[in-house]
Chemist: 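Have a look at this one before I ask anything.
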Amino acid sequence: MKPLNHTVTEFKESIFSTMTKLAIDHEAINLSQGFPDFDGPQWIIDLAKNAMDQGNKLGYVGKNQYAPSSGILPLREAISKNYKRFYNLDFDPASEIVVTNGATEAIFCACMALINPGDEVIVFEPFYDSYLASLQMAGARVVPVTLKAPNFSFDSEELIAAINPKTKMVILNNPHNPTGKIFSSEEIKSIAELARKFDFYILSDEVYEFLTYETSHTPTACFEDLANRTITISSTGKTFGLTGWKIGWACGPKEIIKAIHNVHQFTTFCVAHPLQVAMAEALNNMDQYLIEFKADYLKKRNTLVKGLKECGFNILNPQGTYFAMALLPEGENDVDYCKRLIVEKKVATIPTSAFYLKSNEGSKMIRFCFAKKDETLKNAIKNLTL
Ligand SMILES: Cc1ncc(COP(=O)(O)O)c(C=O)c1O
């Protein structure tokens, strides 16, 4: 038989699936994969049920049928309104927003839309694993720049050395998974200066935009001159604790969004219609929810960080996201350590070497997820104390 596609056959099972399977086998508390062990708000779920029940009644276009490929207009309008309200950013719902199946599809479509084989793309490592796969499928050469513990800043000389005339794009994830870092204004301004000088795009993955603790989020597109070369990607999975709904989007200049939509149109075409109806309404009514959401997660972060510190972990305090990294004692290796935690302490975490391509920094750290019920976090800490 003739060989299959050589890029995709090289992809390995994601570390999240591997650790989740191990956690199930050993009945361990799962602080590995990044999703909540509780449901999102019932009022949003009810909105989706209601949209499904409406179906084709009363002759309007069925909510159980295909949605417009770019996303239903009320959802694009709600997204646009929130960017204006929260960040004073202008995205035209008609031409500068496309709704995708989660941020993951937006990332894939953006890579396919912008990259020609041989283009180079800089990613800050540790990085969310879909960047590498999407970039490889698009034929890019991936150039990692390492964020260094404990504060996960990058070395500007390393970044400058990574840039050359083939550099097409930099991927920035802010707030950052897995480190919980929030990039400082100075860091983003220094990337902006290079973007102008060397003419590259910025794909800004901001799915944790509402999970910030001591500071508030500033989208990359807000920085001077960056709106015209930035693709802003976000989604509702983390914000509403509904990761299984996979409603995300890409926003940016209309020529870029048109190209991203061209890819989306021929990969999934559209996003689940009734879920879009519910999300449009949720995004229009999120003020009170956000206050409670942020307070809840702040409490979860503090519970986990305090508890782990008391257990003797060297925790690097996260400023955002729902992850916390721990530096392992000298001589330990992340994969072995995580396996031992599952078997001996019945707590599953993520070995962070999986998030690195170049540096071996990851072998010295593990990642905890605190998007979990208070009870789950307390039980995990109890197990780790024993
Ligand atoms: C940095 C980052 N980007 C994107 C995603 C995926 O988002 P979605 O579930 O909306 O596809 C995740 C999920 O863990 C993530 O951590």
Side-chain angles (χ1 to χ4, degrees), residues 14-20 30-37 40 44 71 75 79 97-112 121 123-135 144 147 152 169-183 202-212 217 219-220 230-251 260 263-264 267-268 270-272 275-276 278-279 282-283 297 318-325 349-350 352 354-356 362 367-372:
S14 106
I15 189 68
F16 310 108
S17 313
T18 311
M19 295 320 275
T20 293
N30 194 352
L31 302 190
S32 61
Q33 209 164 356
F35 59 78
D37 64 349
I44 306 179
L75 178 54
I79 294 166
I97 299 175
V98 57
V99 176
T100 55
N101 285 278
T104 309
E105 198 216 352
I107 292 161
F108 173 77
C109 294
C111 292
M112 296 304 281
V121 177
V123 288
F124 290 101
E125 64 176 13
F127 51 78
Y128 176 59
D129 59 353
S130 90
Y131 302 156
L132 184 60
S134 292
L135 289 169
L147 300 173
F152 298 106
M169 185 162 82
V170 167
I171 298 188
L172 193 62
N173 170 212
N174 191 30
H176 184 261
N177 171 15
T179 63
K181 173 191 172 70
I182 293 181
F183 284 81
I202 299 179
L203 186 160
S204 191
D205 175 352
E206 303 178 10
V207 298
Y208 299 99
E209 62 184 307
F210 294 110
L211 277 167
T212 57
H217 175 66
T220 306
T230 299
I231 303 102
T232 303
I233 288 176
S234 192
S235 73
T236 56
K238 321 290 174 185
T239 307
F240 291 104
L242 294 165
T243 58
W245 284 28
K246 298 293 284 184
I247 298 199
W249 54 81
C251 305
I260 293 175
V263 184
H264 166 71
T267 45
T268 60
C270 70
V271 172
L275 303 186
Q276 291 194 58
M279 262 315 156
L283 287 174
Y297 271 94
Q319 306 160 295
T321 76
Y322 46 50
F323 303 110
M325 301 269 272
T349 56
I350 290 284
T352 59
F355 297 96
Y356 290 79
R367 188 196 78 177
F368 293 84
C369 171
F370 54 87
K372 307 291 164 190

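Read the numbers this way: they start at 1 and go in the same order the structure lists the ligands and their atoms. Numbers for residues simply follow the sequence, beginning at 1.
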Chemist: Going by the ring pair (Phe, Tyr, Trp, His ring centres under 6.0 Å) test, name the single residue among F210, F35, Y297, F368 that passes it with Y322.
Modeler: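 That would be Y297.
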Chemist: So how far is it from Y128 OH to I171 CD1, rounded to the nearest 0.5 Å?
Modeler: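 Y128 atom OH to I171 atom CD1 measures 12.0 Å (nearest 0.5 Å).
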Chemist: Is Y131 close to ligand 1, meaning an N/O of one under 3.5 Å from an N/O of the other?
Modeler: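 Min N/O separation from ligand 1 is not below 3.5 Å for Y131.
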Chemist: When you measure from atom 14 (O) of ligand 1 to every protein heavy atom, which one gives the shortest distance, and what is it?
Modeler: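 It is K238 NZ, 2.7 Å.
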Chemist: Within this structure, what is the CG-CZ distance for the pair L211 and F370, rounded to the nearest 0.5 Å?
Modeler: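 Rounded to the nearest 0.5 Å, the CG-CZ separation comes out at 7.5 Å.
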Chemist: Among protein heavy atoms, which lies nearest atom 7 (O) of ligand 1, and at what distance?
Modeler: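 Scanning the protein heavy atoms, the shortest distance from atom 7 (O) of ligand 1 goes to A103 CB, 3.6 Å.
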Chemist: Which label fits Y208 and F323: parallel for a plane angle under 30°, tilted from 30 to 60°, or perpendicular past 60°?
Modeler: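 Correct class here is perpendicular.
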Chemist: Could you list the atoms of ligand 1 found under 4.0 angstrom from a heavy atom of N177?
Modeler: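 Those qualifying, in numeric order: 1 (C), 15 (C), 16 (O).
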Chemist: Quick one, Y131 with I107, criterion side chain to side chain contact (heavy atoms under 4.5 Å, CB included). Give me CA distance, side-chain angles, the key distance, then yes/no.
Modeler: CA-CA 7 Å; Y131 302 156; I107 292 161; 3.7 Å; yes
Chemist: Nearest non-hydrogen contact with atom 2 (C) of ligand 1 belongs to which option: D129, I171, D205?
Modeler: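 Shortest heavy-atom distance from atom 2 (C) of ligand 1: D205.
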Chemist: Could you point out which residue of T179, N177, T321 forms a side chain to side chain donor-acceptor pair (under 3.5 Å) with R367?
Modeler: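 Single side chain to side chain donor-acceptor pair (under 3.5 Å) partner of R367 among T179, N177, T321: N177.
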Chemist: Just to confirm my output: which protein heavy-atom neighbour is closest to atom 9 (O) of ligand 1, and how far is it?
Modeler: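 Atom 9 (O) of ligand 1 sits closest to the protein heavy atom K246 NZ, 3.3 Å.
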Chemist: Taking only heavy atoms of N173 into account, list the atoms of ligand 1 that are under 4.0 Å away from them.
Modeler: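 Numbered from 1, ligand 1 contributes 1 (C).
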